[in-house]
Student: 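Attaching a single structure in structure tokens format; questions to follow.
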Amino acid sequence: KRYYISDERYNVQNSIYAIYQDTKGRIWICTQGGLYWFSPKEGTFTRINGFSNMYVHNICEDRHGNIWLASVGGGLVCYTFDSKRVDFISEIQRQTGHWINKVVDVYEDKDGWLWMGTIGYGLLCYNPDDKQFSHYTIEDGFPDYTAFSPIQDDFGDIWVGTRWQALYRLDRNGQVKQIFSDKNYLLGAVYHIMEDKDGNLWFSTKGNGLVKAEPDMNSPHGLRFTRYINDPKNPNSISNNDVYFTYQDSQGRIWVGLLGGGLNLISEENGAITFIHKYNGLKQYPAYGLYMEVRTMTEDEDGRIWVGT
């Protein structure tokens, strides 16, 4: 079933960048034209007061029930558990000396620290216990000005993608441990990183397909890489090489969102991987080239998968 935020199906508000269901059961919709709550029962969107026209690119909930928003233009914003808005852009400037208003990702690690990817200002980390921000740029030790999709793995390391096709593995203190580039294994421009329930990392790249990294101490760097790219001669290959998002649902299935290839579902049988999509068996997928840019997805408490395009 399809839902539109407005009556104008292709206006900017309908470009959804993140969907999240919080611990209270609310479904948050992040768009370039504001922040919304979605009611599955009514099929309606409610604009959240105070966030009109804010470009919200990413969202996460911390262990205290606060909702953190990564905004392009507004920087880091918190919607507190008691429904108050707190902007951090001025505090970040006070601590770092930079007006960091282009935050594209926000992620809470196992210790409750927040890691933020930015455009133009590298990587940020916030310790809510002492309310201190740590800033990592080329000048501060991080090798790039742009950071995407920071995520912590089972070993406590932080993985960060970049626009310039290098992938970084950092320790808990933000120090670089490994760099994956054309000198060892070039993944490409990594826009999203997911860790599955088995400890495998999935890297979504722009133009270089989907890359799976499995822990393997017998392989270089302790990881075994497998790349999945579109093969025009193989209808069961991934439907496009511009991969934007991956998601594992409660049944362990892995869904892949592509820009230009729509929604893919990974199926594994006897060790063989098949990507199921609109061209080879994903039933009732909208026709006429619609919904081919999938940016985000989440699962609600009833097991339904919600897909943002």
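Hydrogens, waters and symmetry mates play no part in the numbers below; they use all other heavy atoms, side chains included.
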Student: Distance from T226 atom OG1 to I273 atom CD1, nearest 0.5 Å?
Tutor: 9.0 Å
Student: Counting only N and O atoms by type, is there a donor-acceptor contact under 3.5 Å from the side chain of T146 to the main-chain atoms of I119?
Tutor: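 No; judged by distance alone, with no hydrogens or angles, the pair does not exist.
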Student: For I19 versus G308, what's the shortest heavy-atom pair and its separation?
Tutor: CD1-N, 3.4 Å
Student: Might you work through the side-chain contact (heavy atoms from CB on, under 4.5 Å) test for I92 and L76, ending with a clear yes or no?
Tutor: CA-CA 9 Å; I92 292 173; L76 179 66; 4.2 Å; yes
Student: Check the pair S237, N234 against side-chain hydrogen bond (donor to acceptor under 3.5 Å, both in side chains), reporting the backbone distance first and the verdict last.
Tutor: CA-CA 6 Å; S237 67; N234 180 6; 4.9 Å; no
Student: For the ring pair W115 and Y126, is the centre-to-centre distance below 6.0 Å?
Tutor: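 Ring centroids of W115 and Y126 are no less than 6.0 Å from each other.
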Student: Give, for atom CD1 of I151 and atom OH of Y107, the distance between the pair rounded to the nearest 0.5 Å.
Tutor: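 So the gap between those two atoms works out to 5.0 Å.
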Student: Looking at every non-hydrogen atom in both residues, tell me the closest pair between I193 and G161 and how far apart they are.
Tutor: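 In this case the closest contact between I193 and G161 is CD1-N, 3.9 Å.
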Student: Hey, does the side chain of Q21 reach the backbone of E301 with a donor-acceptor pair shorter than 3.5 angstrom?
Tutor: yes
Student: For D130, look at atom CG and say whether over 12 heavy atoms of other residues, nucleotides or ligands are found less than 6.0 Å away.
Tutor: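 Buried by this count: over 12 neighbours within 6.0 Å.
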Student: Does the side chain of I48 reach to within under 4.5 Å of the side chain of W37, using non-hydrogen atoms?
Tutor: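 With C-beta onward as the side chain, the pair touches.
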Student: Is the F38-W306 ring centre distance short of 6.0 angstrom?
Tutor: yes
Student: Taking atom CD of Q132 as the centre, does the number of heavy atoms from other residues, nucleotides or ligands within less than 6.0 Å exceed 12?
Tutor: yes
Student: Identify whether the distance between the nearest side-chain nitrogen and carboxylate oxygen of E299 and R304 falls below 4.0 Å.
Tutor: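 Salt bridge flag = no for R304 with E299.
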Student: Within the side chain of E108, is there an N or O that forms a donor-acceptor pair under 3.5 Å with the backbone of R63?
Tutor: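 Checking the backbone N and O of R63 against the side chain of E108, a donor-acceptor pair under 3.5 Å is found.
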Student: Charged N to carboxylate O below 4.0 Å: is that the case for K177 and D157?
Tutor: yes
Student: Determine yes or no for a side-chain-to-main-chain donor-acceptor pair under 3.5 angstrom, with N127 supplying the side chain and W113 the backbone.
Tutor: no
Student: So does K110 have more than 12 non-hydrogen atoms from other groups sitting under 6.0 Å from NZ?
Tutor: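 Yes, because the 6.0 Å sphere around NZ of K110 holds more than 12 heavy atoms from other groups.
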Student: Quick check for you: to the nearest 0.5 Å, what is the distance between L186 atom CG and L167 atom CG?
Tutor: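 L186 CG to L167 CG: 10.0 Å, rounded to 0.5 Å.
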Student: Does one hydrophobic cluster hold both L69 and I27, with members joined at side-chain heavy-atom distances below 4.5 Å?
Tutor: no
Student: Taking N240 for its side chain and D242 for its backbone only, find out whether a donor-acceptor pair lies under 3.5 Å.
Tutor: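 Checked: pair present.
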Student: If the plane angle is over 60° it's perpendicular, under 30° parallel, otherwise tilted; pick one for F225 and F203.
Tutor: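 Rings of F225 and F203: tilted, as their planes differ by 30° to 60°.
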Student: Between S52 and R47, which heavy-atom pair has the shortest distance, and what is it?
Tutor: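 Smallest heavy-atom distance, with atoms named: OG-CD, 3.3 Å.
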Student: When rounded to the nearest 0.5 angstrom, what distance separates CG in L223 from CG in D216?
Tutor: 8.5 Å
Student: Inspect the surroundings of CG in D129 and state if more than 12 heavy atoms from other residues, nucleotides or ligands are less than 6.0 Å away.
Tutor: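 Yes, CG of D129 has more than 12 neighbouring heavy atoms, counting only those of other groups under 6.0 Å.
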Student: For a side-chain contact (heavy atoms from CB on, under 4.5 Å) check, start with the C-alpha distance between I16 and T296, then their side-chain angles and the critical distance, and finish with the verdict.
Tutor: CA-CA 7 Å; I16 296 174; T296 183; 3.9 Å; yes
Student: Shared ILVMFWY cluster between Y36 and I59, side chains joined below 4.5 angstrom?
Tutor: no
Student: For M292 and K278, which heavy atoms make the closest approach, and how far apart are they?
Tutor: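 So the minimum-distance heavy-atom pair works out to SD-CD, 3.6 Å.
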Student: Let me check something: do I89 and V106 share a hydrophobic cluster, defined by ILVMFWY side-chain heavy atoms less than 4.5 Å apart, either directly or through other members?
Tutor: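 No, I89 and V106 fall in different hydrophobic clusters.
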Student: Has the side chain of E293 got a donor or acceptor atom that lies under 3.5 Å from a matching backbone atom of G262?
Tutor: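 Not confirmed, E293 side chain does not pair with G262 backbone.
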Student: For the hydrophobic clusters of this structure (ILVMFWY residues joined by side-chain heavy atoms under 4.5 Å, transitively), does one cluster hold both W202 and L187?
Tutor: no
Student: Does G50 offer a backbone N or O that forms a donor-acceptor pair with the side chain of R85 under 3.5 Å?
Tutor: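 Yes, the answer is positive, given that a donor and an acceptor are paired below the 3.5 Å cut-off.
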Student: Assess whether ring pair (Phe, Tyr, Trp, His ring centres under 6.0 Å) is satisfied between F51 and W28, documenting all intermediate values.
Tutor: CA-CA 12 Å; F51 296 90; W28 299 73; 7.8 Å; no
Student: Does a side-chain N-to-carboxylate-O contact under 4.0 Å join D196 and K212?
Tutor: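 The answer is no: the pair does not qualify as a salt bridge.
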Student: Do R253 side-chain atoms and Q248 backbone N/O form a donor-acceptor pair below 3.5 Å?
Tutor: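 Judged by distance alone, no pair lies under 3.5 Å.
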Student: Less than 4.5 Å apart, any side-chain heavy atom of Y121 and any of M116?
Tutor: no
Student: Check I138 against D144 and note the closest heavy-atom contact, atom names and distance.
Tutor: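 It is CG1-N, 3.7 Å.
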Student: Within this structure, what is the CG-CD1 distance for the pair L263 and I305, rounded to the nearest 0.5 Å?
Tutor: 9.0 Å
Student: With a 4.5 Å cut-off on side-chain heavy atoms, are R224 and N218 touching?
Tutor: no
Student: Checking D109 side chain against D111 main chain: does a donor-acceptor pair fall under 3.5 Å?
Tutor: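 Side chain of D109 to backbone of D111: a pair is present.
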Student: Could you list all the salt bridge (Lys or Arg N to Asp or Glu O under 4.0 Å) pairs where at least one residue sits in residues 25-38, not counting sequence neighbours?
Tutor: D22-R26
Student: What do the steps show when you test L124 against Y136 for side-chain contact (heavy atoms from CB on, under 4.5 Å), and what is the final call?
Tutor: CA-CA 6 Å; L124 276 173; Y136 306 99; over 6 Å; no
Student: Do the non-hydrogen side-chain atoms of M194 and L201 ever get within less than 4.5 Å of each other?
Tutor: no
Student: For this output row, return yes or no: ring centroids of W159 and F180 closer than 6.0 angstrom.
Tutor: yes
Student: Taking atom types as modelled, find out whether Y244 and R295 have a side-chain donor-acceptor pair closer than 3.5 angstrom.
Tutor: no
Student: Quick one: CZ on F275 to CG on D231, what's the gap to the nearest 0.5 Å?
Tutor: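 It is 12.0 Å, given to the nearest 0.5 Å.
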Student: Evaluate the criterion side-chain contact (heavy atoms from CB on, under 4.5 Å) for residue pair H192 and T246; output intermediate values, then yes/no.
Tutor: CA-CA 8 Å; H192 182 258; T246 53; 3.7 Å; yes
Student: Are any side-chain N or O atoms of S219 and backbone N or O atoms of G222, one a donor and one an acceptor, separated by less than 3.5 Å?
Tutor: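 Answer holds: no.
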Student: Identify which one of Y191, Y17, W68 satisfies the ring-ring contact (aromatic ring centres under 6.0 Å, His included) criterion when paired with H57.
Tutor: Y17
Student: Verify the distance criterion only: is there a donor paired with an acceptor across the side chains of D105 and S149 at less than 3.5 Å?
Tutor: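 D105 vs S149: no donor-acceptor pair found between side chains.
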Student: Does V86 share a hydrophobic cluster with F81, counting links as ILVMFWY side-chain heavy atoms below 4.5 Å and allowing steps through other members?
Tutor: no
Student: State, to 0.1 Å, how close I100 and H135 come at their nearest heavy-atom pair, and which atoms those are.
Tutor: CD1-NE2, 3.8 Å
Student: Is the number of heavy atoms from other residues, nucleotides or ligands under 6.0 Å of E268 CD greater than 12?
Tutor: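 Above 12, so yes.
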Student: Give a yes-or-no answer on whether the side chains of E61 and Y20 include a donor-acceptor pair shorter than 3.5 Å.
Tutor: yes
Student: Is a donor from one side chain sitting under 3.5 angstrom from an acceptor on the other, for N236 and N280?
Tutor: yes
Student: With ring centroids as reference points, do Y285 and Y279 lie under 6.0 angstrom apart?
Tutor: no
Student: Identify which one of V211, V160, T205, V243 satisfies the side chain to side chain contact (heavy atoms under 4.5 Å, CB included) criterion when paired with V190.
Tutor: T205
Student: Within a strict 4.5 Å, meaning less than it, do heavy atoms of the V72 and N101 side chains meet?
Tutor: no
